[in-house]
Protein chains: 2
Amino acid sequence: MSDIPWSPPPVLLAVDLVILTLRSAQLHVLLVERGIDPHKGRHALPGGFLNNADEDLLAAAHRELREEANLDATHLHLEQLGAYGAPGRDPRGRVVSVAYLAIAPGLPEPEAGTDAAGAAWRPVRDVDSGGLELAFDHRQILADGIERARTKLEKSALATAFCGETFTIAELQQVYEAVWGTRLDPRNFYRKIQGIPGFIVPAGSERRTTGGRPAQLFRRGPQTVLFPPLNRPPSPSVNRTDP
Amino acid sequence: MSDIPWSPPPVLLAVDLVILTLRSAQLHVLLVERGIDPHKGRHALPGGFLNNADEDLLAAAHRELREEANLDATHLHLEQLGAYGAPGRDPRGRVVSVAYLAIAPGLPEPEAGTDAAGAAWRPVRDVDSGGLELAFDHRQILADGIERARTKLEKSALATAFCGETFTIAELQQVYEAVWGTRLDPRNFYRKIQGIPGFIVPAGSERRTTGGRPAQLFRRGPQTVLFPPLNRPPSPSVNRTDP
DNA sequence: AAAATAGTGTCTTTCAGACAATATTAG
DNA sequence: CTAATATTGTCTGAAAGACACTATTTT
């Protein structure tokens with residue numbers, strides 16, 4: 001009675017992760033080198049098939065994050081990007097992959113003898129310059145992940161997920177500059193950030209040295225929605241009534 | 001060699017549609033009444049299982065749009081919302097649903113003896129007021145679809161997808177007001193719209209009567225990205241340094 | 001004429017961006 | 001001291017929102 005009328009075709013479900021971080025002011029993505037045959041030896045996003053039929057999608061993403069990237073879910077942003085299911089994307093059969101975007105603070109190389117051997121941070125620039133080819137449709141998934149991060153920086157407090165527990169306003173600015181690929185005026189940025197209630201809160205009156213005047217340290221504030229928003233400067237490619 | 005190591009669990013893949021339109025200045029969604037047992041008799045989003053293992057996800061969405069809603073893909077916006085795959089969401093087994101958002105211009109009731117019998121436009125308000133309960137997790141999917149539409153109105157030309165071939169600026173304003181749930185000043189709206197290059201273009205100097213001075217008719221322009229954007233007025237619930 | 005809707009002009013406040021100036025550290 | 005970075009102040013032009021006003025129709 002509660003059965004399915006005509007037996008629809010089963011598919012295999014995978015989870016792929018776009019894990020972004022900032023290393024020396026450059027946007028990096030975690031890639032693994034594939035050890036088995038479809039695209040063997042090529043770089044790919046971390047991911048894998050569902051463990052069992054009862055595993056939740058988000059839980060599977062967390063598991064892959066732990067297994068393949070050796071990253072714990074503590075203080076880490078994780079959200080769904082979407083489903084990628086073009087019929088020919090995996091030669092082994094019909095595989096639909098649900099992609100997730102993860103943002104991590106700057107971390108050391110995951111190499112060593114951990115579970116995550118073979119995983120390494122790669123500059124995003126290397127991928128979209130074409131110098132590094134990805135397996136499957138992972139280049140598209142990565143592009144979608146970056147675009148999602150870009151737009152979410154405008155109206156959400158996502159940027160703090162790139163930072164450690166405490167951070168300076170200049171560090172926060174580096175996040176915006178790296179993800180957006182633009183330069184921002186430090187003075188205007190400073191005032192703008194300070195003008196968003198609840199975005200960041202002072203963390204003791206501590207400091208940190210870099211060569212000039214020490215900067216105040218902050219931590220994430222309670223507000224997750226940014227108002228007023230930080231608008232990404234218009235790319236010079238768009239329309240405009242240029243005189 | 002190119003086989004899958006340990007046989008991951010297969011899942012059933014479905015496609016669900018959030019089809020939005022405007023009817024008498026109110027946001028409506030197309031719902032069907034379920035004829036079979038899981039949630040039989042309850043309202044649900046149109047959708048269904050993948051036809052065969054080679055069917056593309058977007059193609060399946062188009063097919064369901066045709067079969068269940070009797071809508072052709074001509075001049076109709078269709079984009080993916082995401083995957084919904086919580087383990088318990090369908091009692092028949094592990095079903096992962098990929099949801100799509102469709103925007104249609106105001107259309108007559110789909111009833112009659114068509115394929116789409118049992119489908120009907122329902123005011124969105126009836127659903128999120130709790131007066132109308134949906135099957136599965138469709139209430140969440142609908143909410144996500146509406147939120148997506150709301151944010152896309154700001155920076156894309158999506159609003160014109162709610163209108164017919166030609167439309168007045170006042171009609172366009174009704175779209176924004178209905179989707180955002182706000183009131184806008186007609187005069188400022190008029191100037192703002194006219195100030196976005198390529199958004200709308202005059203369609204002949206025709207007119208249309210409603211009781212007052214006739215309005216110019218427009219059609220969609222070539223621009224899909226709106227600059228400057230139309231920002232949704234801040235909801236009174238957010239933060240603010242109110243004196 | 002009165003009512004209704006379309007479209008224009010203008011003013012005020014707010015905000016983004018440019019950039020001078022000051023503060024506080026290291027070397 | 002000089003170099004470097006952090007933080008504050010000021011100015012200007014663009015844009016948002018309020019709202020008076022004009023234009024063109026129906027009744």
Side-chain angles (χ1 to χ4, degrees), chain A residues 25 153-155 163 166-174 176-177 180 182-197 199-218 226-236 238-243, chain B residues 25 153-155 163 166-174 176-177 180 182-197 199-218 226-236 238-243:
Chain A
L153 283 198
E154 300 193 72
K155 297 189 174 177
C163 302
T166 63
F167 48 87
T168 68
I169 292 190
E171 281 166 10
L172 200 57
Q173 181 182 343
Q174 287 187 342
Y176 278 90
E177 291 185 335
W180 283 349
T182 58
R183 304 293 309 205
L184 303 171
D185 184 294
R187 302 159 292 188
N188 293 334
F189 184 82
Y190 193 98
R191 257 187 307 102
K192 191 74 199 285
I193 293 293
Q194 292 283 38
I196 303 173
F199 184 14
I200 56 173
V201 298
S205 53
E206 327 182 27
R207 54 186 64 186
R208 191 179 286 179
T209 83
T210 8
R213 169 176 175 178
Q216 273 186 269
L217 283 178
F218 297 88
L226 266 37
F227 191 88
L230 272 145
N231 290 318
R232 168 161 44 155
S235 48
V238 210
N239 62 36
R240 242 339 174 45
T241 35
D242 296 331
Chain B
L153 283 198
E154 299 192 70
K155 297 189 173 177
C163 302
T166 63
F167 48 87
T168 67
I169 291 190
E171 282 165 11
L172 200 56
Q173 180 181 344
Q174 286 187 342
Y176 278 89
E177 291 185 335
W180 282 349
T182 58
R183 302 294 307 205
L184 303 171
D185 184 297
R187 301 158 295 185
N188 293 334
F189 185 83
Y190 193 97
R191 258 188 306 102
K192 192 73 200 286
I193 293 293
Q194 292 282 40
I196 302 173
F199 185 16
I200 57 173
V201 297
S205 55
E206 327 184 26
R207 52 186 65 186
R208 193 179 284 178
T209 81
T210 8
R213 170 178 175 176
Q216 272 186 272
L217 283 178
F218 297 87
L226 267 36
F227 191 88
L230 273 144
N231 290 318
R232 168 162 42 154
S235 47
V238 208
N239 63 34
R240 239 351 177 31
T241 36
D242 294 331

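All of these numbers come straight from a predicted model, not from anything done at the bench. Residue numbers begin at 1 in each chain, while the letters A, B, ... track the order of the sequences.
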Distance in Å, A/I200 CD1 paired with A/T166 OG1, rounded so as to fall on 0.5 Å steps: 11.5 Å

B/R207: partners by salt bridge (Lys or Arg N to Asp or Glu O under 4.0 Å), with sequence neighbours left out: none

B/D185 CG to C/dT10 P, straight-line distance once rounded to whole Å: 17 Å

A/N231 or B/I169, whichever maps to the more 5' nucleotide of DNA chain C: B/I169

Residues in salt bridge (Lys or Arg N to Asp or Glu O under 4.0 Å) contact with B/R191, at least two apart in sequence or another chain: none

Overall bend - the helix from C/dA1-D/dT27 to C/dG27-D/dC1, comparing terminal axes fitted on five pairs, nearest 10 degrees: 0°

All side chain to side chain donor-acceptor pair (under 3.5 Å) counterparts of A/R213, not counting sequence neighbours: none

Separation of C/dA16 P from A/R232 CZ (nearest whole Å): 16 Å

Which residues share a side chain to side chain donor-acceptor pair (under 3.5 Å) with A/Q174, sequence neighbours left out: none

Any A/K192 side-chain nitrogen or oxygen under 4.0 Å from OP1 or OP2 of C/dC15: no

Set of side-chain contact (heavy atoms from CB on, under 4.5 Å) partners for A/Q173, sequence neighbours left out: A/E177, A/L184, A/P186, A/F189

Whole-Å gap separating C1' (D/dA15) and CD1 (B/I196): 12 Å

Rounded interatomic separation in angstrom, taking CZ from B/R207 and P from C/dA4: 21 Å

Between C/dC19 (C1') and A/L184 (CG): distance, integer Å: 16 Å

Can you tabulate the close N/O pairs, meaning under 3.5 Å, that link protein atoms to atoms of nucleotides 8-11 of chain D?
residue : atom : partner : partner atom : Å
D/dT10  : O4   : A/R191  : NH2          : 3.4

Nearest-Å distance for atom pair CG/C1', residues B/L226 and D/dA15: 15 Å

A/R213 CZ - C/dT24 C1' separation (whole Å): 5 Å

A/N188 side, atom CG; A/I193 side, atom CD1 - distance, nearest 0.5 Å: 11.5 Å

Qualifying residues under side-chain contact (heavy atoms from CB on, under 4.5 Å), relative to A/R232, sequence neighbours excluded: A/E147, A/R150, A/T151, A/E154, A/W180

By side chain to side chain donor-acceptor pair (under 3.5 Å) - contacts of B/D185 (at least two apart): B/R187

Euclidean distance, atom CZ of residue B/R183 to atom P of D/dA18 [Å, nearest integer]: 13 Å

Upstream residue (5' side of DNA chain D) when A/E171 and B/P214 are each assigned their closest nucleotide: A/E171

